[in-house]
Amino acid sequence: MNSSTAQYSNIQHCNNDLSVCTDDGCYSKKRRYVRKDGSCNMVFRHVPGEWLLYVTDIFTTLVEIRWRVMFLTFALSYILSWLFFGILFWIIALANGDVKDPTNEPCVYEVRSFTAAFLFSLETQTTIGYGARGMSENCMLAIITVTIQDVISVFIDTFIIGIVIAKMASARKRAQTVGFSNAAVINLRNGHLCLSWRVGDFRRNHIVEGTAHAQLVQQTAHMTGKVDISYYDLEIQNNHVILATPATIVHIIGPSSPMYKISLQDLRRDSFELVVSFTYTDDCTGILHQTRTSYTPNEILWGQQFQEMLRVNRKHYRVDYALFHQTVKVPLPEISAEEYELKKHSACPQHELQNIRPSEVSQEL
């Protein structure tokens, strides 16, 4: 097994020996703030007017619920509307005497029972029109009821079609086809320590425009159980990307970087989380999407770089996604970017900088 494969097999096992204690118990300090699939690891409690908020924004609520719940909701909306107007037609038939006197001029032809009233309501709303049941000119109340049912039917159809289209075009589905590398890497680029990760579009239709963003999320635990969360923006060297081919997003670990003083040993002990996102516009739908993931310190590989996955032949560029997550070991001092810059600009001969001890084995944190 090569080194990159061995490292990724270790990524699945996180060291959870550091804990934060709260009123609900003790939890690992390394519990993810953002999961690998991009969802936030949050549970909200005691939200004021929670159900009212869901009902007020019913469209978004129905878009977010599961498909089976949505189908059940839509089926009930149709059945209940048929039943409601069927009851109204049955009451109109009773009031007009259509049930007791078959010779009476009816409000609705062939509606002399509740079953017939329900079937008339169904046929009216779905525009089936079998021909046996129909309106007469004798009852203005029945005509008004049919008119109201037709208008409500149009609203229900429009609402359902809009929900289904919005759910099928959900940004979450498109986000699943844009992915990040399993790990981030730290290596040297143009004489500077750099943190980098990969992002790629797995579909053939490409993205119109995309912007990469990264934040360092730092948790500070207090003896009282309180946890403070701090956010530090990372400056991206090439944040505007067109994903015709997979791109490597690079952050130069400079003096303004929150990782400027972090060495390999510090990285092993630290408990921050690197949250990265890619916001883009799809060229087919024109809808704005965002894909997110996070990297814990044990998923940031020191002294590694991504393998080249782009090849050129006579007709086109060839991208090998089998190498999307693969890394190779490269020499890298185990010191922080700050120490590296000091040594690089010190008075010592240039060849001494080259003799700084590299990592014997690129270990995964």
Side-chain angles (χ1 to χ4, degrees), residues 22-24 27 31-88 118 121-122 124-127 145 147-180 201-203 205 207-211 213 215 217 227 229 231 273 275-294:
T22 66
D23 295 336
D24 299 323
Y27 301 96
R31 185 177 296 277
R32 286 188 180 276
Y33 183 77
V34 175
R35 299 186 182 96
K36 292 298 286 184
D37 63 358
S39 61
C40 296
N41 190 18
M42 299 292 169
V43 176
F44 297 100
R45 294 183 177 179
H46 311 299
V47 178
E50 181 177 6
W51 285 105
L52 180 61
L53 295 175
Y54 282 109
V55 174
T56 303
D57 190 12
I58 187 63
F59 184 86
T60 305
T61 301
L62 292 175
V63 170
E64 292 179 345
I65 61 176
R66 296 178 180 273
W67 278 102
R68 56 178 176 267
V69 179
M70 186 192 69
F71 285 138
L72 177 62
T73 303
F74 291 164
L76 287 175
S77 66
Y78 278 116
I79 293 173
L80 292 178
S81 65
W82 298 336
L83 184 62
F84 173 75
F85 285 100
I87 293 174
L88 291 183
F118 176 79
S121 173
L122 187 152
T124 300
Q125 190 162 328
T126 57
T127 65
T145 304
T147 304
I148 294 174
Q149 184 177 13
D150 288 340
V151 173
I152 293 178
S153 174
V154 172
F155 276 110
I156 293 176
D157 293 341
T158 304
F159 193 74
I160 289 178
I161 292 172
I163 292 292
V164 171
I165 292 176
K167 197 169 181 64
M168 293 180 65
S170 173
R172 296 178 184 178
K173 301 299 181 183
R174 182 63 176 95
Q176 294 175 1
T177 62
V178 175
F180 293 94
D201 185 6
F202 305 136
R203 294 179 64 92
N205 56 305
I207 291 168
V208 174
E209 182 182 2
T211 303
H213 184 72
Q215 275 191 335
V217 180
V227 178
I229 301 180
Y231 305 88
E273 186 170 340
V275 179
V276 299
S277 65
F278 188 69
T279 306
Y280 51 94
T281 303
D282 186 73
D283 63 349
C284 290
T285 62
I287 299 176
L288 190 68
H289 305 271
Q290 185 182 78
T291 303
R292 296 183 301 268
T293 192
S294 67

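Values below: every heavy atom of this structure, side chains too, minus hydrogens, waters and symmetry copies.
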Min side-chain heavy-atom separation Phe85-Leu80 under 4.5 Å
no
Could you give the distance from CG (Leu122) to CG (Leu83), rounded to the nearest 0.5 Å?
11.0 Å
For a side-chain contact (heavy atoms from CB on, under 4.5 Å) check, start with the C-alpha distance between Asp201 and Tyr280, then their side-chain angles and the critical distance, and finish with the verdict.
CA-CA 11 Å; Asp201 185 6; Tyr280 51 94; over 6 Å; no
Side chains of Phe180 and Val276, heavy atoms from C-beta outward: is any pair under 4.5 Å?
yes
Would you find a donor on one side and an acceptor on the other, under 3.5 Å apart, between the side chain of Thr279 and the backbone of Gln290?
no
Sequence neighbours left out, what passes ring-ring contact (aromatic ring centres under 6.0 Å, His included) with Phe71? Give chain and number order.
Trp67
Taking side chain as C-beta onward, heavy atoms only, is Tyr231 less than 4.5 Å from Val275?
no
Verify side-chain contact (heavy atoms from CB on, under 4.5 Å) between Ser121 and Ile87, making sure each step is shown before the conclusion.
CA-CA 9 Å; Ser121 173; Ile87 293 174; over 6 Å; no
Met70 backbone acceptor or donor facing Lys167 side chain under 3.5 Å:
no
Side chains of Glu273 and Ser294: any donor to acceptor distance under 3.5 Å?
yes
Thr145 OG1 to Leu88 CG distance, which is reported to the nearest 0.5 Å
6.0 Å
Can you measure from CD1 (Ile160) to CD1 (Ile165) and round to the nearest 0.5 angstrom?
12.0 Å
Minimum side-chain heavy-atom gap Thr293-Val34 below 4.5 Å:
no
Member of Val164, Val69, Ile79, Ile156 meeting the side chain to side chain contact (heavy atoms under 4.5 Å, CB included) criterion with Phe74
Val164
Residue pairs meeting side-chain hydrogen bond (donor to acceptor under 3.5 Å, both in side chains), one or both in residues 150-163, sequence neighbours left out, come to Tyr78-Asp157
If we ignore hydrogens and angles and just use 3.5 Å, is the side chain of Ser39 paired with the main-chain N or O of Arg35 as donor and acceptor?
no
Output for pair (Thr147 OG1, Ile152 CD1), nearest 0.5 Å, gives 11.0 Å
Would you mind reporting whether Thr291 and Ser277 have side-chain heavy atoms less than 4.5 Å apart?
no
Output the distance between atom CH2 (Trp82) and atom OG (Ser77), rounded to the nearest 0.5 Å.
9.0 Å
